[in-house]
Every structure is written in structure tokens, then in C-alpha cells.
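Order of listing sets the numbers, starting from 1, for every ligand and every atom in it.
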Amino acid sequence: MAVYTDINEIDLAHFLKDYDIGELRSYKGIAEGVENSNYLLHTSKGSYILTLYEKRVNSNDLPFFLGLMQHLARKGISCPLPVGQKNGSSIGELAGRPAAIVTFLEGMWMRRPTVQHCHALGEALARMHVAGADFPMRRSNALSVDGWRPLWNNSKDNADRVEPGLANETEADLAFFEAHWPKHLPTGVIHADLFPDNVFFLGDKLSGLIDFYFACTDLLAYDVAVCLNAWCFEKDHSFNLTKGTALLRGYNSVRPLSVEEAASLPILARGSALRFMLTRLYDWLTVPEGSFVVKKDPMEYVRRMRFHRQIKSAEEYGLLPVSAAS
Ligand SMILES: Nc1ncnc2c1ncn2[C@@H]1O[C@H](COP(=O)(O)OP(=O)(O)OP(=O)(O)O)[C@@H](O)[C@H]1O
Ligand SMILES: N[C@@H](CCO)C(=O)O
């Protein structure tokens with residue numbers, strides 16, 4: 001569960017004096033999430049989410065994350081809106097942690113996304129990319145190709161404990177990406193972690209995007225690749241072509257991928273599978289048993305890496321040829 005930092009009602013009431021969100025009626029920790037501590041607040045003015053940023057979030061990045069949510073919300077993207085303090089700042093401190101309050105989004109995330117959900121997700125992702133185009137701040141992606149080797153160096157000696165041969169397999173992939181990673185594709189603001197648990201729906205209608213704490217400036221098509229990995233594989237690890245087609249069709253209906261982006265999709269999908277394998281592997285090997293962090297299975301993403309190695313073109317993910325798509 002993700003409540004690493006405990007708060008008490010006295011400190012919370014004191015913290016809330018800096019905000020104009022009414023009287024506190026109740027608060028409770030939210031079990032979901034991995035990175036930060038989240039609380040649901042009910043006040044006389046409504047419901048809010050209080051986030052205490054834990055060690056893995058660099059407080060220097062908070063103005064980017066919170067500024068981005070403000071920018072996207074202003075452009076009509078449904079995402080949490082940071083609530084300003086009376087002095088205008090959106091970042092405070094509580095229990096020794098940087099903390100922020102954002103508006104509560106209605107909806108729930110889909111444990112088993114359908115083809116319709118994948119289509120809606122593709123559309124929403126493209127809308128977010130378009131809305132982010134004039135966001136003035138930049139943040140480089142610490143978890144792109146240059147960041148993978150340092151991350152890998154922490155795990156490589158123990159990787160074969162997860163599966164014999166994984167160390168050599170990963171080394172070969174890293175060398176491949178370092179030599180071939182695309183550099184000249186369109187860039188902009190990407191979410192970089194738009195998994196189903198970060199997308200809320202009310203029925204089949206997408207109601208909002210949350211968790212912008214990996215957002216950064218990077219290749220837009222990389223975000224599409226992350227979503228293909230996160231949304232279009234089934235529990236038995238097979239790729240669902242119908243879901244891939246729906247996701248890409250949804251995306252293309254708002255922001256058509258260029259020919260170059262489409263051609264790079266296989267390497268981007270393979271690279272983003274490696275990125276999630278590496279962070280999962282690190283947690284798998286380092287987070288002690290019985291800790292609050294829910295460890296996710298790195299092998300799920302090793303299987304995806306193997307799948308993407310066989311892919312020759314974006315059509316195999318369901319991208320329709322340009323003439324058929326229009
Ligand atoms: N604005 C919001 N409105 C409604 N619920 C929210 C909101 N923000 C967060 N939550 C709830 O808190 C949970 C955890 O949030 P979030 O995903 O941001 O946490 P996290 O620790 O950064 O997790 P991770 O990075 O592992 O996805 C969500 O699954 C959701 O239940
Ligand atoms: N979405 C990530 C975890 C949190 O960012 C994963 O599934 O590995």
C-alpha cells in the first residue's frame with residue numbers, strides 16, 4: 001500500500017490553514033499506488049487528494065509536474081488540478097515531505113480494459129500530446145536510453161537469479177538500443193507511465209488521467225509505445241491485435257503518427273518494455289520482502305521484450321496503412 005508517511009489530524013489541520021478548501025471533515029490513506037503517499041480528504045468544499053512526495057520524486061521536478069497538470073487542465077484535458085495555497089504556491093510541506101493538494105477525479109481504473117477503452121485511451125493520449133505542445137517547461141527523461149545502463153548496473157549481477165540468461169539477453173538489448181535508438185522524431189510532453197491504473201473511466205467513457213510524476217519531454221511516439229505495452233497484452237502475455245488497432249486508431253484520429261514515427265514503433269515498444277523491466281527488476285531485487293512497495297513482476301516485461309524483437313513493422317501492432325486509416 002502506498003502510505004509511507006503517516007500524518008496526524010493536528011499537523012494536517014495546521015497544513016490546511018494555508019489553503020482555502022473549507023473545513024476538514026475526514027481523511028484516509030489510499031492503499032493504491034507505489035511511489036508516493038496519497039490521502040483522500042473530504043472537506044466542507046468537496047473531495048481532494050493530498051500527496052506527500054516520497055524519496056524517489058525529486059522535489060526540483062515538482063514545479064514541472066504540477067505546472068503541467070495546470071496547463072493541461074486549462075486546455076481541457078481532464079486531469080487533477082493542483083490547488084494553490086493562499087500565498088499562490090502549489091507546493092507545501094507536511095510531515096517533513098513536500099506535499100500538494102489536487103482536485104479529486106471521479107471514475108475508476110479498468111482492471112480488464114476492453115477494445116473500447118483502448119480506443120478512448122489512444123484518443124486521450126494524442127489529445128494530451130497536442131495540449132502539451134505549448135507547455136513551456138522542459139524535463140528530460142531520466143528513464144530513457146541514457147538512463148538504462150546506470151539502472152541496469154545496479155541489477156545485472158543478480159539478474160540471472162530471476163531467470164538464467166537474463167543478464168546476457170539484457171546486455172545485448174542495451175547495446176542494440178544504445179546504437180539504434182531514434183533521435184529525430186517529434187518530441188513534446190509525454191506522460192511516460194500511462195498504465196491502466198493511471199486512467200479513470202466512468203463506464204466506457206474516459207473520465208481523466210492521473211499520476212504525472214514520470215512526465216517529461218521526450219519522443220511522443222515513445223508514449224504510444226508505452227501504452228501498447230501496458231494496454232494491449234493479455235494475462236497470458238499474448239498481444240491483442242484488436243486492442244492495438246483500436247489504440248492506434250484512436251491516437252491517429254487526433255494526431256496521426258508520421259511515417260518515421262510509425263517505422264520506429266517496434267524499437268520504441270521494445271525499448272519501453274526494457275525500461276519497465278529494469279525498474280521492476282531493481283525493485284524485485286532490492287525492496288525487502290514485507291515492505292509496503294508492491295513489487296511488480298519483471299518477467300512480464302521480459303516476455304514483451306521478446307515479443308517486440310520479432311516485430312518488423314507497426315502494422316503488426318495494428319497500425320493501418322495510411323490509405324486504409326484515412
Ligand atoms: N486526482 C485524483 N482523483 C481521484 N483519485 C486519485 C487522484 N490521484 C490519485 N488518486 C488515487 O490514488 C491512487 C494512487 O495515485 P497515483 O497513481 O498517483 O500514486 P503513485 O504512488 O504515484 O502510484 P504509481 O506511480 O505507482 O502509479 C490512485 O490509484 C487513485 O486511487
Ligand atoms: N507502471 C509501472 C509502475 C509505476 O510507475 C509498472 O507497471 O512497472
Side-chain angles (χ1 to χ4, degrees), residues 1-5 21 27-43 46-58 61-62 65-66 68-70 72-73 77-83 90 97-111 113 121 141-143 148 151 155 190-202 206-216 223 225-233 272-285 287 291-305:
M1 80 174 231
V3 178
Y4 305 106
T5 304
I21 59 170
Y27 73 97
K28 64 173 186 213
I30 298 177
E32 287 190 65
V34 175
E35 298 291 335
N36 299 307
S37 297
N38 289 295
Y39 290 86
L40 173 61
L41 310 182
H42 292 296
T43 78
S47 303
Y48 300 88
I49 297 287
L50 164 68
T51 301
L52 275 61
Y53 299 98
E54 300 295 339
K55 287 189 289 298
R56 295 210 285 202
V57 173
N58 180 343
D61 288 330
L62 291 177
F65 300 141
L66 296 166
L68 175 61
M69 288 189 254
Q70 252 152 7
L72 294 176
I77 302 294
S78 176
C79 67
L81 180 63
V83 178
S90 28
R97 296 261 168 238
I101 294 178
V102 299
T103 54
F104 181 85
L105 285 190
E106 297 290 342
M108 57 190 182
W109 71 269
M110 295 293 124
R111 270 71 180 169
L121 178 270
N141 186 359
L143 289 176
W148 294 340
L151 187 56
S155 306
I190 67 165
H191 183 286
D193 189 29
L194 204 50
F195 278 55
D197 59 352
N198 289 328
V199 180
F200 287 177
F201 287 85
L202 288 167
L206 193 151
S207 61
L209 313 177
I210 65 163
D211 196 1
F212 286 80
Y213 302 115
F214 285 104
C216 54
D223 233 4
V226 169
C227 290
L228 284 173
N229 275 310
W231 290 77
C232 302
F233 283 83
S272 70
L274 176 72
R275 172 259 182 263
F276 288 101
M277 190 283 275
L278 288 175
T279 46
R280 287 175 172 211
L281 181 66
Y282 178 80
D283 285 350
W284 197 261
L285 295 171
V287 174
S291 100
F292 283 148
V293 175
V294 180
K295 297 201 260 185
K296 297 189 174 177
D297 185 4
M299 284 310 293
E300 214 182 294
Y301 272 76
V302 173
R303 293 199 178 86
R304 288 182 180 34
M305 286 157 52

Q | Under 3.5 Å donor-acceptor, Trp231 side chain and Leu194 backbone | A |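 At least one qualifying donor-acceptor pair exists.
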
Q | N/O donor-acceptor pair under 3.5 Å between Ser90 side chain and Pro82 backbone | A | no

Q.
Can you confirm whether Leu143 sits close enough to Leu151 that some side-chain heavy atom of one is under 4.5 Å from a side-chain heavy atom of the other?
A.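 A side-chain contact under 4.5 Å exists here.
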
Q: Decide yes or no for Met299 and Tyr301: does some side-chain heavy atom of the first lie under 4.5 Å from some side-chain heavy atom of the second?
A: no

Q | Partners passing side chain to side chain donor-acceptor pair (under 3.5 Å) against Thr51 (at least two apart in sequence or in another chain) | A | Asn38

Q: Return the set of residues passing side chain to side chain donor-acceptor pair (under 3.5 Å) with Tyr53 (not counting sequence neighbours), or none when no residue passes.
A: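 Tyr213.
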
Q.
Considering both backbone and side-chain atoms of Asp211, is one of its nitrogen or oxygen atoms within less than 3.5 Å of a nitrogen or oxygen in ligand 1?
A.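 Yes; at least one N/O pair falls below 3.5 Å.
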
Q: Could you say whether the N/O atoms of Glu35 and ligand 1 ever approach to under 3.5 Å?
A: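 Min N/O separation from ligand 1 is below 3.5 Å for Glu35.
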
Q) Among Thr51, Thr103, Ile210, whose heavy atom sits nearest atom 1 (N) of ligand 1? A) Thr103

Q. With respect to atom 7 (C) of ligand 1, which of Ile49, Asn38, Leu209 exhibits the smallest heavy-atom separation?
A.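 Of the listed residues, Ile49 has the closest heavy atom.
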
Q: Show the protein residues that qualify under the rule heavy atom under 4.0 Å from an atom of ligand 2, listing them in chain and number order.
A: Asp193, Phe195, Phe214, Phe276, Arg280, Lys296

Q.
Using a 6.0 Å distance limit plus a 45 degree cone around the ring axis, check whether Arg275 lies over the aromatic ring of Phe214.
A. yes

Q: For ligand 1, indicate whether the residue Phe200 contacts it via side chain, backbone, both or neither (heavy-atom separation under 4.0 Å).
A: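 Under 4.0 Å from ligand 1, Phe200 contributes side-chain atoms alone.
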
Q. Which is it for Leu105 and ligand 1 at heavy atoms under 4.0 Å: side chain, backbone, both or neither?
A. both

Show me which atoms of ligand 1 lie under 4.0 Å from any heavy atom of [X].
X     : result
Asn36 : 21 (O), 22 (O)
Ile30 : 11 (C), 12 (O), 13 (C)
Pro80 : 1 (N)

Q | Separation of Asp61 CG from Cys216 SG (nearest 0.5 Å) | A |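 Taking SG in Cys216 and CG in Asp61, the distance rounds to 10.0 Å.
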
Q. How far does CE of Met305 sit from CG of Leu274, to the nearest 0.5 angstrom?
A.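 These two atoms lie 5.0 Å from each other.
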
(Q) I'd like to check the side-chain contact (heavy atoms from CB on, under 4.5 Å) partners of Thr5; sequence neighbours left out, ordered by chain and number. (A) Ser37, Leu52, Glu54, Ala95, Arg97

